[in-house]
Participant: 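Mind looking over this structure? Questions follow.
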Amino acid sequence: MGVTINDVARAAGVSISTVSKVLNGHYSISEETQERVRQVIRELNYYPSASAQSFAKGSTRSVIVLADLGPNAAFSNPHMFEIIAGLEETLRARNYRLTLCGAQSSTACEMAEEFISRRSADALAVHVSVMTHQLAALLVRTHFPHIVLGLPNFDSQVCWIDINNVYSGIIAAAHLAGEGYQRIAFLGGQDHDRISAHRLDGVRQGLEDAGLSLDNQHIWQGDSTWADGHRMARKLLSREPLPDAVVCANNYIALGCVSAIQERGMRIPGEIAVMTFDDHPFAQIMEPPLTAVDIDVRGMGGQAGKFLLDMIRNPNTQVQTYVTTSNLMVRQSTVR
């Protein structure tokens, strides 16, 4: 016969109820007692029945993540998987499982409705890439525990968490102004790209704080691709006066920008400085390596997990917040 919960309780010198609470992640048990029980569980190789736990609690102890997992998702949206990794790490520490489900904006609401009606999970995490008005209405109407990973591009009452990209832009501008650059340019995404738009707002604000301004002719917008980064940089460098520094909204734009600058025969940073946001996937390996404002997206995922656990205990919890964990990685591309 296998090890039972009674055996664990006896060996740990606690009640069966205490062992059950430790297994279910209750906060009422002291850390010392929790660790003692977990140690006994490891020593006895005790594996509780997940189905029995769920039935007893009326809980699945699981969270479903809805995200766009289409072709090349890891390249087009590398942050998404780091966010999910941070989320999973926090949930696992409380004995929750994470299930990742591929969705599209056209199917996410129908999938969420089925998960909620079947009680397939205790909470949902929805990546902003598949967020819609219809899905927002469902989540608000049902009061189902949820968190949207990223700021939706429309106003709603859903719970969301995001990085403060305006603050990241301020950091970028402050760095360049501190290095003595005067004419700053910005290459970013289209108007609907809210991350790029917020970074642009931050750069503009940071320059104003330093007594500088961002000239409209030095702001270029396009797709977040190497090709458009290259195109925008070529246009930028074809007009006088030339900027002495360029801020790129992401690594893909920066890669195209650096290529265009080098094709023109200009030296980085001798004749023009370049910096970007995010340390991955290219900032560290470009020539020269680029100064970057990096953001702790894994930490954002971890914080999202903590919010979800709170919502599971109290479904009326409302969260709409930015987390600010930006770090300036200074490299050769901006240092004079």
Participant: Just do the side chain to side chain donor-acceptor pair (under 3.5 Å) check on Asn165 and Ser168 with the steps written out, would you?
Facilitator: CA-CA 5 Å; Asn165 285 295; Ser168 297; 4.6 Å; no

Participant: Test side chain to side chain contact (heavy atoms under 4.5 Å, CB included) on Thr225 and Tyr252; report intermediate values, then the result.
Facilitator: CA-CA 5 Å; Thr225 62; Tyr252 292 95; 5.5 Å; no

Participant: Just do the side chain to side chain donor-acceptor pair (under 3.5 Å) check on Asn250 and Ser224 with the steps written out, would you?
Facilitator: CA-CA 7 Å; Asn250 59 54; Ser224 293; 3.0 Å; yes

Participant: Check this for me: Gln262, atom CD, are more than 12 non-hydrogen atoms of other residues, nucleotides or ligands nearer than 6.0 Å?
Facilitator: yes

Participant: Would you check, one step at a time, whether the test side chain to side chain donor-acceptor pair (under 3.5 Å) holds for His280 with Glu82?
Facilitator: CA-CA 11 Å; His280 299 284; Glu82 274 296 297; over 6 Å; no

Participant: Find out whether Thr291 and Leu328 are in side-chain contact, i.e. whether some heavy atom of one side chain is under 4.5 Å from a heavy atom of the other.
Facilitator: yes

Participant: Do other residues, nucleotides or ligands put more than 12 heavy atoms under 6.0 Å from Arg42 CZ?
Facilitator: yes

Participant: Determine, stepwise, if the pair Gln39 / Arg36 fulfils side chain to side chain donor-acceptor pair (under 3.5 Å).
Facilitator: CA-CA 5 Å; Gln39 181 62 33; Arg36 185 166 76 252; over 6 Å; no

Participant: Walk me through whether Leu308 and Leu87 qualify under side chain to side chain contact (heavy atoms under 4.5 Å, CB included).
Facilitator: CA-CA 9 Å; Leu308 273 183; Leu87 174 64; 4.1 Å; yes

Participant: Decide yes or no on side chain to side chain contact (heavy atoms under 4.5 Å, CB included) for Leu309 and Tyr96, but give the supporting numbers first.
Facilitator: CA-CA 9 Å; Leu309 292 170; Tyr96 275 80; 3.7 Å; yes

Participant: Got a sec, which hydrophobics cluster with Ile170, joining ILVMFWY side chains under 4.5 Å apart, including via others?
Facilitator: Val166

Participant: Taking the side chain from Asn251 and the backbone from Ala283, do they hold a donor-acceptor pair closer than 3.5 Å?
Facilitator: yes

Participant: Check for a donor-acceptor pair, side chain of Gln318 on one end and backbone N or O of Gln157 on the other, with a separation under 3.5 Å.
Facilitator: yes

Participant: Determine whether Leu212 and Gln182 satisfy the following criterion, side chain to side chain contact (heavy atoms under 4.5 Å, CB included), listing intermediate values before the conclusion.
Facilitator: CA-CA 7 Å; Leu212 302 172; Gln182 299 286 314; 3.4 Å; yes

Participant: Just by distance, do the side chain of His175 and the backbone of Ala292 share a donor-acceptor pair under 3.5 Å?
Facilitator: no

Participant: Restricting to non-hydrogen atoms, name the atom on Val247 and the atom on Ala172 that form the minimum distance, rounded to 0.1 Å.
Facilitator: CG1-CB, 4.5 Å

Participant: Surrounding CZ of Arg336 (heavy atoms of other residues, nucleotides or ligands, distance under 6.0 Å), is the total greater than 12?
Facilitator: yes

Participant: Answer whether the closest heavy-atom distance between the side chains of Asp296 and Val323 falls below 4.5 Å.
Facilitator: no

Participant: Determine whether His198 and Asp201 make a side-chain contact, defined as any pair of heavy atoms from C-beta on separated by less than 4.5 Å.
Facilitator: yes

Participant: Just by distance, do the side chain of Glu35 and the backbone of Glu31 share a donor-acceptor pair under 3.5 Å?
Facilitator: no

Participant: Do any N or O atoms from the side chain of His146 and from the backbone of Cys159 form a donor-acceptor pair under 3.5 angstrom?
Facilitator: yes

Participant: Are Leu242 and Met275 linked, directly or through other ILVMFWY residues, by side chains that come within less than 4.5 angstrom of each other?
Facilitator: no

Participant: Is a side-chain N or O of Tyr322 found less than 3.5 angstrom from the main chain of Leu151, in a donor-acceptor match?
Facilitator: no

Participant: Where do Val130 and Leu66 come nearest, in terms of heavy atoms and distance?
Facilitator: CG2-O, 3.8 Å

Participant: Specify whether His133 and Phe154 have parallel, tilted or perpendicular ring planes, treating 30° as the upper limit for parallel and 60° as the lower limit for perpendicular.
Facilitator: parallel

Participant: Counting only heavy atoms not in Glu32, do more than 12 sit closer than 6.0 Å to its CD atom?
Facilitator: no

Participant: Could you tell me which non-hydrogen atom of Pro269 sits nearest to which non-hydrogen atom of Val335, and how far apart they are?
Facilitator: CG-O, 3.5 Å

Participant: Which atoms form the tightest heavy-atom contact between Leu135 and Ala108, and what is the distance?
Facilitator: CD2-CB, 4.1 Å

Participant: Does atom CG of Asp155 have more than 12 heavy-atom neighbours, drawn from other residues, nucleotides or ligands, at distances under 6.0 Å?
Facilitator: no

Participant: With a cut-off of 6.0 Å (strictly less than), are more than 12 heavy atoms of other residues, nucleotides or ligands near CZ of Phe144?
Facilitator: yes

Participant: Would you say Phe115 and Leu124 make side-chain contact, with heavy atoms under 4.5 Å?
Facilitator: yes

Participant: Roughly how far, to the nearest 0.5 Å, is CD1 of Ile16 from OG of Ser20?
Facilitator: 9.5 Å

Participant: From the options Ile272, Asp215, Asp244, select the one residue that forms a side chain to side chain contact (heavy atoms under 4.5 Å, CB included) with Arg183.
Facilitator: Asp244

Participant: Using only atom types and a distance under 3.5 Å, with no angle test, would you say the side chain of Asp294 pairs donor to acceptor with the backbone of Asn327?
Facilitator: no

Participant: Supply the atom-to-atom distance Leu290 CG to Ile285 CD1, rounded to the nearest 0.5 angstrom.
Facilitator: 10.0 Å

Participant: Would you mind reporting whether Val140 and Ser156 have side-chain heavy atoms less than 4.5 Å apart?
Facilitator: no

Participant: Looking only at atom types and distance, does a side-chain atom of Glu113 sit under 3.5 Å from a main-chain N or O of Leu138, one as donor and one as acceptor?
Facilitator: no

Participant: Considering non-hydrogen atoms only, spot the tightest contact between Ser105 and Ser129 and give its length.
Facilitator: CB-O, 4.5 Å

Participant: Check this for me: does any side-chain nitrogen of one of Arg199 and Asp193 sit under 4.0 Å from a carboxylate oxygen of the other?
Facilitator: no

Participant: Are any non-hydrogen side-chain atoms of Gln284 and Asp279 less than 4.5 angstrom apart?
Facilitator: yes

Participant: Should Val158 and Leu149 be regarded as members of a common hydrophobic cluster, given that ILVMFWY residues are connected when their side-chain heavy atoms come within less than 4.5 Å of each other, either directly or indirectly?
Facilitator: no

Participant: So, do Thr60 and Ser120 sit near enough that their side-chain heavy atoms are less than 4.5 Å apart?
Facilitator: no

Participant: Is the closest basic N to carboxylate O distance between Asp223 and Arg231 below 4.0 Å?
Facilitator: no

Participant: Is it the case that the side chain of Asp122 and the backbone of Arg61 share a donor-acceptor pair, with hydrogens and angles ignored and the cut-off at 3.5 Å?
Facilitator: yes

Participant: Hydrophobic clusters here meaning ILVMFWY residues chained together by side-chain heavy-atom distances under 4.5 Å, can you tell me if Ile163 and Trp160 are in one?
Facilitator: no

Participant: Taking the side chain from Thr90 and the backbone from Gly305, do they hold a donor-acceptor pair closer than 3.5 Å?
Facilitator: no

Participant: Side chains of Ile295 and Asp278, heavy atoms from C-beta outward: is any pair under 4.5 Å?
Facilitator: yes

Participant: Using a cut-off of 6.0 Å, state whether more than 12 heavy atoms not belonging to Gln217 lie near its atom CD.
Facilitator: yes

Participant: For residues Val274 and Ile219: do they belong to one hydrophobic cluster (side chain heavy atoms under 4.5 Å, members Ile, Leu, Val, Met, Phe, Trp, Tyr)?
Facilitator: no

Participant: Show the nearest heavy-atom pair for residues Ala210 and Ala177, with the distance to one decimal.
Facilitator: CB-CB, 3.7 Å

Participant: Please determine whether residues Leu69 and Ile64 belong to a single hydrophobic cluster, defined as Ile, Leu, Val, Met, Phe, Trp and Tyr linked transitively by side-chain heavy-atom distances below 4.5 Å.
Facilitator: no

